[in-house]
Amino acid sequence: MSAPACKPPADLTPEAGPEQGSGRRRPALSPSRAIDFKQCPLKYRLRAIDRIPEAPSRGAVRGTVVHAVLEDLYGLPAAERRPERAAELVEPAWTRVLAVRPEVAELVAAEGLEPFLAEVRKLLDSYYRLEDPTRFEPESREARVEVELGDGVLLRGFVDRIDVAPTGELRVVDYKSGRAPGLAQETKALFQLKFYALVVLRTRGILPAQLRLIYLADEQILTYAPDEEELLRFERTLGALWEAIREAGRTGEFQPTTSWLCGYCDYKPLCPAFGGTPPEYPGWPEDSPESPEETLADAVAE
């Protein structure tokens with residue numbers, strides 16, 4: 001089944017989108033920002049509007065390096081995508097990540113760089129037990145996707161890989177350096193998959209045949225075959241969510257929601273639920289600068 005695109009189809013490349021050359025971008029809904037608001041509106045505000053930086057974790061940095069290696073790997077001719085070649089790409093990928101975020105060197109300093117790089121190579125070994133990258137040619141890798149829906153909601157995200165079969169079927173693939181989710185977290189994973197399926201439906205006018213999450217830590221694959229009617233309902237859900245975000249943006253009322261996740265939140269010292277005081281609300285941004293650091297972080301967070 002197919003559906004018309006809401007805007008002229010956007011190329012699924014990192015350069016796509018009329019705002020990217022300017023370095024300023026309209027506020028948009030991504031999977032991670034949508035989940036932020038659903039979990040805690042104040043967390044959404046401090047991340048997306050105030051843009052208060054968070055300390056990177058060792059796991060997040062490791063995931064960033066793994067993503068960089070896999071992007072580089074699929075830039076090579078298929079015959080060269082052997083495990084030993086992937087291992088050779090680890091140090092150059094780390095060097096690039098370090099150039100963008102020099103402070104992450106502190107995260108690996110205590111245990112040393114070599115053990116950290118060994119963790120990255122171990123995850124890449126896991127990847128080769130799940131897929132053979134020499135057997136197919138992806139259409140795109142680390143692509144930024146963006147589309148405006150009919151009700152004005154701007155969707156934006158990063159897709160690790162898109163494969164198109166000779167017969168035209170399309171598969172969206174996302175790498176995860178962590179473990180597959182339990183039942184409590186599976187809804188979050190499916191939310192992300194549905195988000196990407198909807199973006200592809202609206203940019204290309206076709207329904208993806210399969211969406212795949214590859215979890216490297218425990219070598220699991222979560223697949224999802226989207227249904228168009230389900231995606232249309234999901235589109236309405238995103239519209240309602242964006243309306244709630246815009247209303248909070250108009251009033252400045254981003255209330256905290258407490259849960260077990262609060263114990264892992266960098267913004268806890270600023271949260272009124274824990275005796276903190278958030279900064280003065282800066283107002284809803286009509287556009288906002290995007291730095292390479294934010295692009296890098298969001299690409300892996302998605």
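Along the sequence shown, the residues carry numbers beginning at 1. These numbers come from a predicted model, not from an experiment.
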request  = State whether Arg202 and Glu148 are salt-bridged, where the test is any N-O pair (Lys NZ or Arg NE/NH1/NH2 against Asp/Glu carboxylate O) under 4.0 Å.
outcome  = no
inquiry  = Show me the pairs that pass salt bridge (charged side-chain N to carboxylate O under 4.0 Å, His left out) and involve residues 264-283, at least two apart or across chains.
reply    = none
key: Arg141 side chain to Glu71 backbone, donor-acceptor under 3.5 Å   = yes
Residue list, salt bridge (charged side-chain N to carboxylate O under 4.0 Å, His left out) with Asp163, at least two apart or on another chain = Arg161, Arg171
ask   = Taking C-beta and beyond as the side chain, do Pro282 and Asp50 meet within less than 4.5 Å on heavy atoms?
value = yes
ask   = Are any of the side-chain nitrogens in Glu219 or Lys176 under 4.0 Å away from the carboxylate oxygens of its partner?
value = no
inquiry  = Tyr267: which residues meet the side chain to side chain donor-acceptor pair (under 3.5 Å) condition with it, sequence neighbours left out?
reply    = Glu54
key: Non-hydrogen side-chain atoms of Pro27 and Leu154 separated by less than 4.5 Å   = no
inquiry  = Closer than 4.0 angstrom, basic N to acidic O: yes or no for Arg58 and Glu106?
reply    = no
ask   = Side-chain donor-acceptor pair under 3.5 Å between Thr223 and Gln210, yes or no?
value = no
task = In plain terms, say whether Arg212 and Glu131 are close enough for a salt bridge, that is, a side-chain N and a carboxylate O under 4.0 Å apart.
result = yes
Residue list, ring-ring contact (aromatic ring centres under 6.0 Å, His included) with Phe136, at least two apart or on another chain = Tyr74
request  = Indicate yes or no: at least one non-hydrogen side-chain atom of Val145 is less than 4.5 angstrom from one of Phe158.
outcome  = no
inquiry  = So Val164 and Arg204, do their side chains get closer than 4.5 Å, heavy atoms only?
reply    = yes
Please list, one pair per line, the donor and acceptor atoms closer than 3.5 Å that link side chains of residues 253-261 to other protein atoms, with sequence neighbours excluded.
residue: Glu253; atom: OE1; partner: Gln255; partner atom: NE2; Å: 2.7
residue: Ser259; atom: OG; partner: Leu261; partner atom: N; Å: 3.1

query = If we only count heavy atoms from C-beta on, is the Leu207 to Pro226 side-chain gap below 4.5 Å?
reply = yes
NZ/NE/NH1/NH2 to OD/OE distance under 4.0 Å, Asp72 and Arg85 = no
note = Contacts of Tyr215 meeting ring-ring contact (aromatic ring centres under 6.0 Å, His included) (sequence neighbours excluded), chain-then-number -> none
task = In plain terms, say whether Lys122 and Glu119 are close enough for a salt bridge, that is, a side-chain N and a carboxylate O under 4.0 Å apart.
result = no
inquiry  = Aromatic contact between Phe234 and Phe195, with the criterion being ring centroids under 6.0 Å apart: yes or no?
reply    = no
ask   = Is Pro138 close to Ile162 at the side-chain level, that is, under 4.5 Å between some pair of heavy atoms?
value = no
